[in-house]
**Student:** 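Have a look at this one.
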Amino acid sequence: METNNNQGNKDPKKLRPRFNLSWLYWGIGLTLLTLWFANESGMGGSTKKVSYDEFQKYVRSGYIEQVVGYDDNSVEATVKRESVAQVFGADSTRVGQSPMIFTEAPSRESLGDFLEKEKEANAYDGTIEYEKKGNWFSMFLWQVLPFIFIIGFFMFISRRMSGGAGGGIFNVGKSKAQLFDKDGSHARVTFKDVAGLAGAKQEVEEIVEFLKHPGRYTELGGKIPKGALLVGPPGTGKTLLAKAVAGEADVPFFSLAGSDFVEMFVGVGASRVRDLFRQAKEKAPCIVFIDEIDAVGRARSKAAAMGGNDERESTLNQLLTEMDGFGSNSGIIILAATNRVDVLDKALLRAGRFDRQIHVDLPDLNERKEVFGVHLRPIKIDETVDVDLLARQTPGFSGADIANVCNEAALIAARHGKKFVGKQDFLNAVDRIVGGLEKKTKITTEAERRSIAIHEAGHASISWLLEHANPLIKVTIVPRGRALGAAWYLPEERQITTKEQMLDEMCATLGGRAAEDLFLGRISTGAMNDLERVTKQAFGMVAYLGMSEALPNLCYYDNNEYSYRSPYSEKTAELIDSEVKRIVNEQYERAKKILLENSAGHNKLSNLLIEKEVIFAEDVENIFGKRPWASRSEEIMKAKQQSAELKQLEQKEEQLAEEAEREVREHAEDNEESK
Ligand code: ADP
Ligand code: ZN
């Protein structure tokens, strides 16, 4: 927003672009005025300038109705309607309501004498008036003011248009970057506000250092990086991290999204890039943050004719040019965010551009605890709230999701008129964010509830009984959002996944349909979501991960979306299809087998579900017994706890040793003194 950028900017030099804009308005205004006057004094219209002789002739002929004489001897005369043809001749059709002629009299006296004479001779029967020609003002009022009004209105409209969306007809080429200045009203973000992300923070630390003390690096002949790419899923705090870098280094921060460059008109994107860098250079050292850079930075197509996008490409080219254009010492650092590096144009990743990539991943258990810590700060909580439990209940949540949970919990508590936010409010908020609002009003019949319960119990039983399946948190048959029932799992946040783990997960996902098939004897639409997931997973295993016997160690992954040739042959395609089918079928049969062997447990579980609607891991444990395997997150937690305990022990020992030493020393001193 343009107005934002110039806030608190008292340097007149930097206001210059404003004048450029107003020249345009003046240009338009002057053109219109000239046209008006040309029309006014010109050929035709309702007025005509005549000589004094002619004027006298018209008066004598009785064509004139009224005369006004001015003190500068100019004369205005109104022509009678019936005489218009005689006075104006060919122009008479264009004459308006008050046909007028102008002339210059030799003097006011002579005009008066002349008109007196004609009156007496009965040639003239109209009025005579004398006025002061101080009428510049009234002329101004009637002729110039309407234009000023029109121009003002025009400016107002275009302001209004540019105010909202940052566009406006005169501003299309301006960058839409939002500026967060150090003296602005925005609260400064620092690393304290960014929880977790230890690795990423360490990497950007260097950028902060450079912005603070550029000399230290350049003196040694080092080159400063121009840009870094923050790679990670949405909501993980990429924007926040970039803001924190600017906050720590105390430099201005420009923020915009890649899609802001893209407009329907060709050339607009490139001009916006230019404008952005012009602004950034004025504010250097500074940080420019481009969110979702893939909107402009996608690989340029090889065949432009095949749906190539000229506008996006010219925008990308301009961006590359600008990045090469500013020296590495200019103090502008560009941080860009994306969650898909693989689609970016290779030119963007070349040395001297975005050559470093900083990964910003979803928070793991301990990081989630930290994120909760940050977002619980402003919330009034009571003593029931357990951050550990919350972190465990929110696997797969991003930082933004957690911020959302905290906010939602506060809203839920407020809705119930509470003074403090409690544990249950948080759990409700988690459920709501995972599955949408509970729909107690959605009516389900007894048979439907039974069918849903059998399906969900199928998932729950199998995931409990298989070593590598995700451990269950809770199962419900209360409809939520669009889903009829749901099972919550604690996804194991693995760094790498083995084939066995993937197969176990598929088996558990197929458990719903398998249970319907086995215990109801009919299958339903409720499994569509499950099937979609399983099919995708199996396809990935075969085509991308080389995990099937028929196509071992082959990866057909292809990120080039512009290529029209599939990377494998028809024959391989058939083979992939049959392998996918085989894997899914095998897991389905396996799920059925497991359920058959444990049909008593499954039956108990589904009856419990029908009765209680919501059941938790404890209930499942009561039925099937404790799982013999520790889940990965449990192991990690334990390891963390152990290392923390170990540290405490060590500290205690050190303390004890120190104390003992001190005692010995004091003793020795005492002895010395007593000697
Ligand atoms: P991204 O740019 O990766 O999509 P954002 O930086 O816009 O994500 O994050 C959105 C919001 O989520 C932030 O304003 C913040 O409130 C919250 N958030 C995300 N990650 C974190 C984190 N690591 N620590 C604290 N808050 C976070
Ligand atoms: Zn299901």
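We count residues from 1, following the sequence as given. Each ligand, and each atom within it, is numbered from 1 in the order the structure gives. Note that the structure is predicted; figures quoted are calculated from it, not measured.
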**Student:** Any luck finding a side-chain donor-acceptor pair between Asp530 and His459 under 3.5 Å?
**Tutor:**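 The criterion, which ignores hydrogens and geometry beyond distance, is satisfied for His459 and Asp530.
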**Student:** N/O of Asp291 under 3.5 Å from N/O of ligand 1, yes or no?
**Tutor:** no
**Student:** Does any N or O atom in Leu197 lie less than 3.5 angstrom from one in ligand 1, N or O only?
**Tutor:**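 It does not: no N or O of Leu197 is found under 3.5 Å from an N or O of ligand 1.
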**Student:** Pick from Glu589, Arg590, Glu597: which one makes a side-chain contact (heavy atoms from CB on, under 4.5 Å) with Lys593?
**Tutor:**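 Among Glu589, Arg590, Glu597, the one that satisfies the side-chain contact (heavy atoms from CB on, under 4.5 Å) with Lys593 is Glu597.
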**Student:** Got a salt bridge between Arg356 and Glu206, using NZ or NE/NH1/NH2 to carboxylate O under 4.0 Å?
**Tutor:** yes
**Student:** Whether the side chain of Arg368 engages the backbone of Thr394 through a donor-acceptor N/O pair (distance < 3.5 Å, no angle test) should be reported.
**Tutor:**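 A pair under 3.5 Å: yes.
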**Student:** Between Arg582 and Glu586, is the closest basic N to carboxylate O distance under 4.0 Å?
**Tutor:**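 Between Arg582 and Glu586 there is a salt bridge, with a charged N closer than 4.0 Å to a carboxylate O.
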**Student:** Of all the atoms in ligand 1, which lie at a distance below 4.0 Å from a heavy atom belonging to His375?
**Tutor:**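 Here the atoms of ligand 1 in question are 15 (C), 16 (O), 17 (C), 25 (C), 26 (N), 27 (C).
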**Student:** Could you tell me which atoms of ligand 1, counted from 1 in the order shown, lie closer than 4.0 angstrom to a heavy atom of Thr236?
**Tutor:**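 Those qualifying, in numeric order: 3 (O), 8 (O), 19 (C), 20 (N).
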**Student:** Below the 3.5 angstrom mark, is there an N/O of Ala195, backbone or side chain, next to an N/O of ligand 1?
**Tutor:** yes
**Student:** Under 4.0 Å from a heavy atom of Asp193: which atoms of ligand 1 are those, numbered in the order shown and with their elements?
**Tutor:** 24 (N), 25 (C)
**Student:** So, 4.0 Å and heavy atoms of Ile402: is ligand 1 close enough to count as a contact?
**Tutor:** no
**Student:** Taking distance alone, with no angle check, do Gly196 and ligand 1 share an N/O pair under 3.5 Å?
**Tutor:** no
**Student:** Is Arg449 salt-bridged to Glu613, cutoff N-O under 4.0 Å?
**Tutor:**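 Yes, this pair counts.
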**Student:** Would you tell me which option among Thr239, Thr338, Leu240, Val189 has the nearest heavy-atom contact to atom 27 (C) of ligand 1?
**Tutor:** Leu240
**Student:** Look at Asp291 together with Lys238 and state whether they make a salt bridge at an N to O cut-off of under 4.0 Å.
**Tutor:**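 Between Lys238 and Asp291 there is no salt bridge, as every charged N stays at least 4.0 Å from the carboxylate O atoms.
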**Student:** Need one value: angle at the Zn ion (ligand 2), Asp530 atom OD2 versus His459 atom NE2, rounded to 10 degrees.
**Tutor:** 100°
**Student:** Would you say Pro234 and ligand 1 have an N/O pair spaced under 3.5 Å apart?
**Tutor:**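 It does not: no N or O of Pro234 is found under 3.5 Å from an N or O of ligand 1.
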